[in-house]
**Q** 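Sharing a structure below in structure tokens format, with a few things to ask.
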Protein chains: 2
Amino acid sequence: MTLRHAVLGLLAESPGSGYDLLKRFESAMGLVWTATQSQLYGELGKLEKSSLIEVAAEGPRGRKEYAITPSGREVLRSWLLEERPVAPRRNEMLLRVYFLGEVSPEQARGFLTANAESARGLGEELARVEQAVDWDDSDASVFGRLALEWGKRYAAMEREWAEWAAEVVRSERG
Amino acid sequence: MTLRHAVLGLLAESPGSGYDLLKRFESAMGLVWTATQSQLYGELGKLEKSSLIEVAAEGPRGRKEYAITPSGREVLRSWLLEERPVAPRRNEMLLRVYFLGEVSPEQARGFLTANAESARGLGEELARVEQAVDWDDSDASVFGRLALEWGKRYAAMEREWAEWAAEVVRSERG
DNA sequence: GGGTACATGTAACTGGTTACATGATTGT
DNA sequence: ACAATCATGTAACCAGTTACATGTACCC
């Protein structure tokens with residue numbers, strides 16, 4: 001039930017329609033959380049029913065502009081403070097690494113170097129995003145930059161690891 | 001549909017019952033993939049029905065020891081090579097960071113330092129695991145070590161990032 | 001005899017994905 | 001006029017979690 005909080009967070013920043021939120025999920029939030037269109041509309045319905053958000057305005061084409069309510073903001077805050085920083089415990093890439101003994105050493109190295117490449121690509125993409133955005137000193141900027149920096153460090157870590165791992169496979173498996 | 005491949009991978013290493021596999025998910029695979037008991041038995045049933053695994057032996061207490069079949073091994077291999085190394089696109093911790101402007105700077109720093117602590121704990125735990133296991137030159141050892149090293153680097157990255165981020169909040173938000 | 005570990009299974013529910021379906025407004 | 005974009009919604013399905021349910025074998 002985290003999509004719920006992602007939606008509340010976005011609406012806490014500024015009101016918007018389902019369509020607007022979908023755009024924001026695709027762009028700014030892409031690294032952090034994703035949502036499909038059908039999931040989003042469903043969640044908006046539920047949030048409205050429980051009065052955590054409300055329709056603040058209606059527009060053309062049936063557009064409903066939602067805004068967060070005080071009780072919604074309350075829920076968002078308590079979720080932010082409810083401390084349980086847990087590391088993700090599922091990683092498909094690592095699962096493959098785990099079983100890489102099933103294929104030839106050349107294929108295993110190929111997998112790892114492809115991974116290094118894709119991590120490099122991610123790092124470059126994030127660096128471009130960092131350049132493109134004009135950061136100010138708003139909360140969204142400050143905390144968005146923290147999240148972006150995490151992404152850059154993650155990408156660098158994975159690239160370096162994958163290069164190292166490919167080298168280990170070369171030296172230990174030929 | 002990745003649990004399917006996790007199960008095939010484990011059975012490719014060595015045969016075992018549902019109960020055995022559950023143990024292996026809890027211990028060695030903990031960082032990489034998780035499964036609940038009910039999910040696991042369901043998946044074993046489906047895999048058997050599609051002949052990717054088979055009951056190789058039966059034991060006391062209704063124990064069914066499964067083994068991978070040649071077609072199962074085939075499916076595992078092609079999954080391993082089917083290249084699409086994608087970075088995970090959902091991270092609850094980062095989502096919270098994203099909206100940390102909603103709480104006070106002290107609370108935001110508290111969140112970040114707690115995260116640094118928990119990353120440090122994870123790093124230490126993985127270091128202990130590394131010490132405890134006696135690594136040989138089997139595939140399971142070599143590739144398991146690569147996965148473990150990823151975990152250590154991940155933990156170190158997150159700890160350093162969280163410390164840095166707490167400092168940014170201190171200097172930019174007081 | 002009794003506790004622990006072994007061992008499997010089902011049901012109800014939640015979260016997420018894909019596909020289908022429909023229609024209004026705006027800009028050219 | 002017509003294409004693109006805006007805009008919302010529903011249905012079927014798959015993956016994963018929690019809780020319930022049951023029973024056997026082994027060791028002391």
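The analysis underlying the following values was restricted to heavy atoms, covering all of them including side chains, and did not include hydrogens, waters or symmetry mates. So that the names make sense, note that chain A is the first sequence line, chain B the second, and so on, each numbered from 1. Nothing here was measured: the structure is a model prediction, and the numbers come from that model.
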**Q** Between atom CZ of A:F25 and atom CD of A:Q39, what is the distance when rounded to the nearest 0.5 Å?
**A** 8.0 Å
**Q** Check the pair A:E102, A:R96 against salt bridge (Lys or Arg N to Asp or Glu O under 4.0 Å), reporting the backbone distance first and the verdict last.
**A** CA-CA 10 Å; A:E102 281 298 309; A:R96 292 184 201 221; over 6 Å; no
**Q** How long is the line joining CG of B:L40 and P of D:dT17, in whole Å?
**A** 12 Å
**Q** Is any side-chain N or O of B:K64 closer than 4.0 Å to OP1 or OP2 of C:dG9?
**A** yes
**Q** Does the structure place the NZ or CZ of A:R89 under 6.0 Å from the centre of the six-membered ring of B:W33, at an angle of no more than 45° from the ring's axis?
**A** no
**Q** Using only atom types and a distance under 3.5 Å, with no angle test, would you say the side chain of B:R4 pairs donor to acceptor with the backbone of B:L47?
**A** no
**Q** State whether a side-chain donor-acceptor pair under 3.5 Å links B:E158 with A:W150.
**A** yes
**Q** Using whole Å, what does the distance between atom C1' of nucleotide C:dT17 and atom CD of A:E26 come to?
**A** 15 Å
**Q** Report all interatomic pairs (protein N or O, nucleotide N or O of nucleotides 22-28 of chain D) with separations under 3.5 Å.
**A**
from, atom 1, to, atom 2, distance (Å)
D:dA25, O4', B:R61, NE, 3.4

**Q** Measure the distance from CG on A:D20 to P on D:dA7 and round it to the nearest whole Å.
**A** 6 Å
**Q** Between protein and nucleotides 10-16 of chain D, what N or O pairs are separated by less than 3.5 Å?
**A**
from, atom 1, to, atom 2, distance (Å)
D:dA15, OP1, B:M1, N, 3.4
D:dG16, OP2, B:Q39, NE2, 2.7
D:dG16, O5', B:Q39, NE2, 3.3
D:dG16, O3', A:R90, NH1, 3.4

**Q** Please report the distance, rounded to the nearest Å, between OH in A:Y19 and P in C:dT22.
**A** 20 Å
**Q** Which pair of non-hydrogen atoms, one from A:N115 and one from A:A162, has the smallest distance, and what is that distance?
**A** OD1-CB, 3.9 Å
**Q** If I take atom CZ in residue A:R63 and atom P in nucleotide C:dT25, what distance separates them, rounded to the nearest angstrom?
**A** 14 Å
**Q** Ignoring hydrogens and angles, tell me if any N or O in the side chain of B:S27 forms a donor-acceptor pair with the backbone of B:K23 under 3.5 Å.
**A** yes
**Q** Rounded to the nearest angstrom, tell me the gap between atom CG in A:L47 and atom P in C:dT14.
**A** 15 Å
**Q** To the nearest angstrom, how far is B:E92 atom CD from C:dG16 atom C1'?
**A** 15 Å
**Q** Check this one for me: any side-chain N or O of B:K23 less than 4.0 Å away from OP1 or OP2 of C:dA5?
**A** no
**Q** Say whether B:R63 and B:S17, considering side chains only, have a donor N or O and an acceptor N or O under 3.5 Å apart.
**A** yes
**Q** Could you tell me whether A:R159 sits above the aromatic face of A:W164, with NZ or CZ closer than 6.0 angstrom to the six-membered ring centre and within 45 degrees of the axis?
**A** no
